[in-house]
Amino acid sequence: MRWLCLLFFVSLAACTQTDPMSGLETSADKTPAFGDTFIEGSIGDASTLLPILASDSASSEINGLVYNGLVRYDGNLQVVGDLAESWEISTDNLTITFHLRHGVKWHDGAPFTSADVLYTYQLYVDPETPTAYAESYRQVKKAETPDDFTFRVTYEQPYAPALMSWGMSVLPKHLLEGKKITESTLARHPVGTGPYHFVEWQGGEKIVLEANRDYFEGSPYIKRFVFRIIPDTSTQFLELQTGGLDFMSLSPLQYDRQTDTPAFQRLFNKYRYLSFGYTYLGYNLKRPMFQDRRVRQALAYAIDKQEIIDGVLLGYGKAATGPYKADAWVYNPNVKRYPYNPEKARQLLAEAGWVDSDGDGILDKQGAAFSFTIVTNQGNDLRSKAGEIIQRRFKEVGVDVKLRVIEWATFLKEFINPGNFDATILGWSGSPEPDQYEIWHSSKTGPRELNFIGYKNPEVDALLEKGRRIFDQAKRKQVYDRFQEILAEDQPYTFLFVPEALPAVARRFHGIKPTAAGIRYNFNKWYVPKGRQKFSR
Amino acid sequence: MYRYILRRLLMMIPLLIGITLISFMVIHLAPGEPTDMQTQMNPQASSDLQVKLHKQYGLDKPLPEQYLLWLGRMVRLDFGNSFAQDNRPVLSKIAERLPVTILLNVLSLGVILVLALPLGVISAVRRNSFFDRATTVLVFVGFAMPSFWLALLMMDWMGVRLGVLPVSGLKSLGYEYMSLSGQLFDRISHLLLPVFIAAIGGLAGFSRYMRSNMLDVIRQDYIMTARAKGLSERVVIYKHALRNALLPVITILGLSVPGLIGGSVIFETIFAIPGMGKLFYDGVMMRDYPLIMGVLVIGAVLTLVGNMLADISYALADPRIRNSN
């Protein structure tokens with residue numbers, strides 16, 4: 001599974017700062033100062049700095065600093081204004097009117113107006129634009145600009161994810177109009193309105209940004225942002241230790257065993273928080289053996305989720321009970337749970353007709369052994385290791401499982417797309433937006449669609465349709481609470497775990513305030529006290 | 001001689017077309033498509049995105065037509081635009097990465113030659129001595145050691161523990177603000193580890209090859225004659241024997257030409273060096289057909305040219321070959 005997330009989706013929660021020296025700040029350290037450079041490592045280079053065409057996380061990260069949307073998530077994952085100062089939603093929930101900020105300038109000095117927003121919208125829905133993000137904007141019936149600082153959109157029917165969909169990066173009309181979007185020079189030299197402006201991009205090596213002194217919220221404190229491309233995580237870790245990097249997402253092993261030294265703690269702060277993604281074991285519901293709900297529930301009882309979390313994530317994660325993480329507003333804590341209970345698993349399997357009639361240790365039914373294959377993709381050790389643990393536990397209740405790890409493209413083409421698999425271990429990255437229509441609606445079970453396990457439940461369909469029409473958070477939660485109850489009862493996936501994000505940040509950076517959104521949401525407010533600055537340029 | 005060269009040049013054309021045809025077929029046989037990165041497993045991707053991308057990349061046309069279109073462009077030295085989202089010309093992407101790879105490979109080849117030739121010669125002259133045995137063991141240890149492991153070990157030791165060499169990359173942050181001598185020093189310090197690691201692996205092959213060549217030559221009658229004439233051992237070895245023993249090395253050098261641009265994925269990944277190996281690997285993973293074809297064609301041309309140059313140099317160096325042609 002590809003963990004693609006826009007910057008504002010890199011949202012993390014329940015942060016714990018494990019900082020033994022956090023109480024030792026001097027008063028000088030508390031005074032924000034301008035200057036210094038922040039160096040971050042990335043395993044992949046950006047592909048394009050035109051956000052409309054980008055679908056990889058490296059590009060999204062840079063684009064998130066160069067461009068703004070109309071709205072964004074704040075530290076508490078609430079939608080707040082970005083280029084829009086305020087907005088109104090009509091009483092029938094069909095029209096959103098954005099009031100834009102005055103005096104915002106593009107990095108080339110041109111003024112930002114509502115025409116840029118309208119142009120960006122038109123670009124997204126243009127059939128010639130090969131963008132992955134058109135779907136939300138196709139729901140718009142009418143988009144208009146009553147004046148230079150007002151932008152209004154009207155929908156056919158209420159669409160709850162609409163507001164946050166305007167978090168998309170707004171593009172400069174004056175630099176793109178009349179040109180073919182796929183040939184624009186902005187792909188290599190972006191011009192946005194964001195807190196950082198583009199300086200240089202040395203392919204495969206680094207991307208350099210510099211603080212936008214005219215930024216509408218005030219210049220960021222950190223003067224330069226360097227995005228270094230270091231494809232190997234071991235090298236990244238060595239670079240971190242020598243000061244070649246100021247930020248890195250650590251692996252559980254690095255977090256737990258390799259950074260527990262006084263030398264490391266003197267230079268870095270470590271953080272941990274739940275990420276939005278989750279890993280699951282999904283059953284192909286078209287296979288007869290998985291059609292009985294009791295079988296799926298039995299398999300859930302046979303898995304010890306904590307054992308997987310301890311073994312694979314070294315404890316840095318939480319057991320998943322559904323598609324939402326435990327600290328999200330939409331999470332329902334009262335769904336049916338499946339604590340590890342092999343006895344219960346055997347009993348449920350027996351009820352479903354699976355017994356070991358020939359004494360070979362493997363359950364069977366009408367002469368067929370309960371034997372199946374779990375497929376997962378190569379390149380993700382967490383999944384294959386989880387598969388091995390599951391394999392052993394299933395064996396204990398009499399279920400014979402083989403594990404196949406396959407290269408990504410082959411995995412999709414030969415197994416997932418044609419529905420040619422029994423069960424699969426995969427993961428989804430999430431976002432604060434709870435809409436799960438694409439993954440669970442019964443209309444999405446076609447080839448190359450995301451409900452590839454073939455889950456069909458009329459009540460879930462109705463809830464998913466209803467959930468995207470309700471704007472009121474409390475009422476919306478009721479809908480998704482029920483949705484989670486049904487998923488927990490039906491067990492089309494056995495939700496395995498939600499991993500924790502484990503970043504380390506150089507200790508000289510101050511102003512980091514861990515919240516439900518993680519640590520990066522307020523990057524503009526990070527600073528290095530004058531006496532501690534490392535780079536003078 | 002000129003006819004020989006012309007014939008070799010003409011023979012390269014059908015060979016090259018054959019190579020491109022096979023490469024084209026093979027990369028299209030691999031599962032997955034260039035559009036998959038953007039469209040597959042992405043809840044936000046619109047259903048018609050794949051169709052749009054197919055049209056944009058010309059993947060909606062039949063394969064033979066795609067090949068002929070590509071060939072037509074290639075003849076005009078237009079390798080097309082990359083299918084990656086940056087959509088840049090393949091040639092400029094290659095041109096960006098090639099100098100780094102060539103620099104590293106030329107430097108490491110230089111180090112290999114400077115070390116391997118004397119090692120080989122001395123080992124041959126002092127056959128079965130302690131020096132010979134010790135070098136054999138050492139170069140094979142170097143050969144057998146996985147380069148990524150040795151690289152990480154050296155990076156940790158020289159970069160983190162001793163702090164005398166940079167861990168990765170090609171230049172420091174703030175390189176542009178350094179003085180000329182500072183820049184030179186910075187470059188050299190960044191190149192030391194990668195060149196050393198790259199050379200270690202090749203040392204064994206070259207030094208052993210040189211040793212066996214030298215052993216072959218010093219057993220020849222003319223060496224005995226030279227000794228019988230009363231020439232000093234130094235003249236016998238370094239004038240008469242060495243020159244002849246070096247001849248086959250020319251062939252190997254010719255065959256090294258394509259390797260100069262090939263790059264190595266593991267090596268470039270570990271040292272965070274933006275070279276051809278990583279570019280090609282990423283291209284293959286993304287099914288970036290124009291980029292893959294571009295790299296393959298350039299590699300094929302260089303292999304053929306390298307082979308030809310080796311043959312020509314050999315002919316120039318050895319009158320027996322020249323005369324037989």
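Reckoned from all heavy atoms, side chains included, excluding hydrogens, waters and symmetry mates. Chain letters run A, B, ... following the sequence lines, proteins first, then strands; residues in each count from 1.
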Decide salt bridge (charged side-chain N to carboxylate O under 4.0 Å, His left out) for R448(A) and E33(B); before the verdict, give the C-alpha distance in whole Å, the side-chain angles of both, and the deciding distance to 0.1 Å. CA-CA 13 Å; R448(A) 297 176 70 96; E33(B) 287 190 25; 5.5 Å; no

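- For T233(A), no part sits under 4.5 Å from any heavy atom of chain B, backbone or side chain.
- Surrounding CZ of R73(B) are more than 12 heavy atoms belonging to other residues, nucleotides or ligands, all under 6.0 Å away.
- Proximity to chain B at a heavy-atom threshold of 4.5 Å picks out S47(A), T48(A) from residues 40-50 of chain A, in numerical order.
- The part of Q56(B) that comes within reach of chain A is its side chain, from C-beta onward, which places non-hydrogen atoms under 4.5 angstrom from that chain.
- Only the backbone of T129(A) has a heavy atom closer than 4.5 Å to any heavy atom of chain B.
- Ion pairing between E205(A) and K278(B) fails under the 4.0 Å rule for side-chain N and carboxylate O.
- Annotation: side chain of P130(A) is in contact with side chain of L49(B) (closest heavy-atom distance under 4.5 Å).
- The environment of F143(B) atom CZ is sparse: at most 12 non-hydrogen atoms of other residues, nucleotides or ligands sit within 6.0 angstrom.
- Only the side chain of T242(A) comes within less than 4.5 Å of a heavy atom of chain B; its backbone N, CA, C and O stay farther away.
- Most heavy-atom pairs under 4.5 Å with chain B, from the set T182(A), L53(A), V208(A): that is T182(A).
- Contact of the D232(A) side chain with the I266(B) side chain is not registered, since no non-hydrogen atoms from C-beta on lie closer than 4.5 Å.
- Among all heavy-atom pairs drawn from D56(A) and Q85(B), the shortest one is OD1-OE1, 3.8 Å.
- Summarising the local packing, NZ of K55(B) is surrounded by 12 or fewer heavy atoms from other residues, nucleotides or ligands at distances under 6.0 Å.
- Under the 4.5 Å side-chain criterion, counting only non-hydrogen atoms from C-beta, R188(A) is in contact with R88(B).
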Are E128(A) and K52(B) close enough, and set up right, to give a side chain to side chain contact (heavy atoms under 4.5 Å, CB included), and what steps lead you there? CA-CA 7 Å; E128(A) 293 298 308; K52(B) 276 189 212 172; over 6 Å; no

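- Per-residue heavy-atom pair counts under 4.5 Å with chain B were compared for A132(A), A134(A), G204(A), and the maximum is reached by A132(A).
- Only the side chain of K206(A) comes within contact range of chain B, judged by heavy atoms closer than 4.5 Å.
- In this structure, Y175(B) places its OH atom where more than 12 heavy-atom neighbours from other residues, nucleotides or ligands lie under 6.0 Å away.
- For the set A187(A), S59(A), P127(A), the entry with the most heavy-atom pairs within less than 4.5 Å of chain B is P127(A).
- Note that OG of S234(A) and CH2 of W149(B) are 14.0 Å apart. Values are rounded to the nearest 0.5 Å.
- In this structure, CD1 in I273(B) is found 11.5 Å from CD1 in I230(A), a value given to the nearest 0.5 Å.
- Atom CG of residue D156(B) and atom OG1 of residue T235(A) lie 11.0 Å apart, to the nearest 0.5 angstrom.
- Residue-environment remark: CG (L180(B)) stays at or below the threshold of 12 foreign heavy atoms within 6.0 Å.
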Intermediate values then yes/no, side chain to side chain contact (heavy atoms under 4.5 Å, CB included), S168(B) and E239(A): CA-CA 7 Å; S168(B) 71; E239(A) 280 285 6; 2.6 Å; yes

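- For a residue to count as touching a neighbouring chain, one of its non-hydrogen atoms must lie under 4.5 Å from one of that chain's; by this rule Q236(A) does not touch chain B.
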Go through E176(B) and E200(A) one step at a time and tell me if the side chain to side chain contact (heavy atoms under 4.5 Å, CB included) criterion holds. CA-CA 12 Å; E176(B) 49 270 47; E200(A) 65 168 330; 3.6 Å; yes

With side chain to side chain contact (heavy atoms under 4.5 Å, CB included) as the test, would you mind laying out the steps for L152(B) and L238(A) before giving the verdict? CA-CA 9 Å; L152(B) 283 174; L238(A) 292 173; 4.0 Å; yes

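- In this structure the side chain of K171(B) reaches within 4.5 angstrom of the side chain of Q202(A), judged on heavy atoms.
- Ranked by heavy-atom pairs under 4.5 Å with chain A, the list G275(B), P274(B), G32(B) is led by P274(B).
- Within 6.0 Å of CZ on F264(A) lie more than 12 heavy atoms contributed by other residues, nucleotides or ligands.
- Heavy-atom minimum distance, P31(B) versus K413(A): CB-CD, 3.7 Å.
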